[in-house]
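Okay, so here's the structure we're looking at.
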Amino acid sequence: MTALNERQKALEEKYFLDFERAIRVRDRRNRILARWAAQVIGRSDVSGYVEEVITAGQTDPGDDDVLLKVLGDLRAANVAADKAMLQEKMRALLYVAAEQLEAEE
């Protein structure tokens, strides 16, 4: 194998590992967000709510489905929330999720 092929293979492996890690971080973030939202809205079935949020997040790529699900639930529970506030919460929890996964590895 030439040096160029070896470099290309190493870059491909790094890309796939980074992509897999990003998916794990996003999934962890969504679970943390769902637990937080369940507490805020007073849901007693936290694990059930987490599954609802995870299912919502699997509909389309990106964060919009999760954001809209949680935002709708917060508003339905008369919790003052808006899209910008929830996006900021999601950003903050992304770092928390990444730190948790890094600590576990």
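The structure presented is a predicted model; accordingly, all values stated were derived computationally and were not measured.
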Are more than 12 heavy atoms from other residues, nucleotides or ligands located less than 6.0 Å from atom CD of E104?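 Correct, the count exceeds 12.
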My understanding is that only residues two or more places apart in sequence, or in another chain, count here; which of them pass salt bridge (charged side-chain N to carboxylate O under 4.0 Å, His left out) with D45?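 Here no residue qualifies.
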Quick one: salt bridge (charged side-chain N to carboxylate O under 4.0 Å, His left out) partners of R7, sequence neighbours excluded?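 Expected list: none.
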Kindly write out the residues that satisfy side chain to side chain donor-acceptor pair (under 3.5 Å) with Q100, not counting sequence neighbours, or none if the list is empty.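 Checked Q100 against side chain to side chain donor-acceptor pair (under 3.5 Å); matches are R28.
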Residues in side chain to side chain donor-acceptor pair (under 3.5 Å) with R24, at least two apart?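 By the side chain to side chain donor-acceptor pair (under 3.5 Å) rule, R24 matches E20, E105.
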Checking side chain to side chain contact (heavy atoms under 4.5 Å, CB included) for the pair K9/K14: CA distance, chi angles, key distance, verdict? CA-CA 9 Å; K9 183 173 169 74; K14 182 180 180 339; over 6 Å; no
Members other than L101 in its cluster, when Ile, Leu, Val, Met, Phe, Trp, Tyr link by side-chain heavy atoms under 4.5 Å?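 Members other than L101 - counting any ILVMFWY side chain reachable under 4.5 Å - are V25, L94.
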Return all side-chain donor-acceptor pairs below 3.5 angstrom for residues 46-55, not counting sequence neighbours, or 'none' if the list is empty.
{"residue": "Y49", "atom": "OH", "partner": "D73", "partner atom": "OD2", "Å": "2.8"}
{"residue": "E52", "atom": "OE1", "partner": "K69", "partner atom": "NZ", "Å": "2.9"}
{"residue": "E52", "atom": "OE2", "partner": "R43", "partner atom": "NH1", "Å": "3.4"}
{"residue": "E52", "atom": "OE2", "partner": "R43", "partner atom": "NH2", "Å": "2.9"}
{"residue": "T55", "atom": "OG1", "partner": "E51", "partner atom": "O", "Å": "2.8"}

Which residues pass the side-chain contact (heavy atoms from CB on, under 4.5 Å) test with E99, not counting sequence neighbours?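 Scan of E99 (side-chain contact (heavy atoms from CB on, under 4.5 Å), adjacent residues dropped) gives none.
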Could E88 and R91 be called an ion pair, given the rule that one side-chain N must be under 4.0 Å from one carboxylate O?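 Looking at R91 together with E88, the answer is yes, because their closest N to O distance falls below 4.0 Å.
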Hey, are the side chains of Q87 and D63 touching, using non-hydrogen atoms and a 4.5 Å cut-off?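 With C-beta onward as the side chain, the pair stays apart.
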Please round to the nearest 0.5 Å and tell me the distance separating atom CG of N30 and atom CG of L93.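 Output value for this atom pair is 9.5 Å.
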Working to the nearest 0.5 Å, report the span between NZ of K89 and CG of L67.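 With rounding to 0.5 Å, NZ (K89) is 13.5 Å from CG (L67).
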Could you go through residues 31-40 and list every donor-acceptor pair under 3.5 Å that involves a side-chain atom there, pairing it with any protein atom two or more places apart or in another chain?
{"residue": "R31", "atom": "NE", "partner": "D27", "partner atom": "OD2", "Å": "3.2"}

Distance-only criterion, 3.5 Å: show the donor-acceptor pairs between side-chain atoms of residues 74-86 and protein atoms not counting sequence neighbours.
{"residue": "R75", "atom": "NE", "partner": "A81", "partner atom": "O", "Å": "3.4"}
{"residue": "D82", "atom": "OD1", "partner": "A84", "partner atom": "N", "Å": "3.4"}
{"residue": "D82", "atom": "OD1", "partner": "M85", "partner atom": "N", "Å": "2.7"}

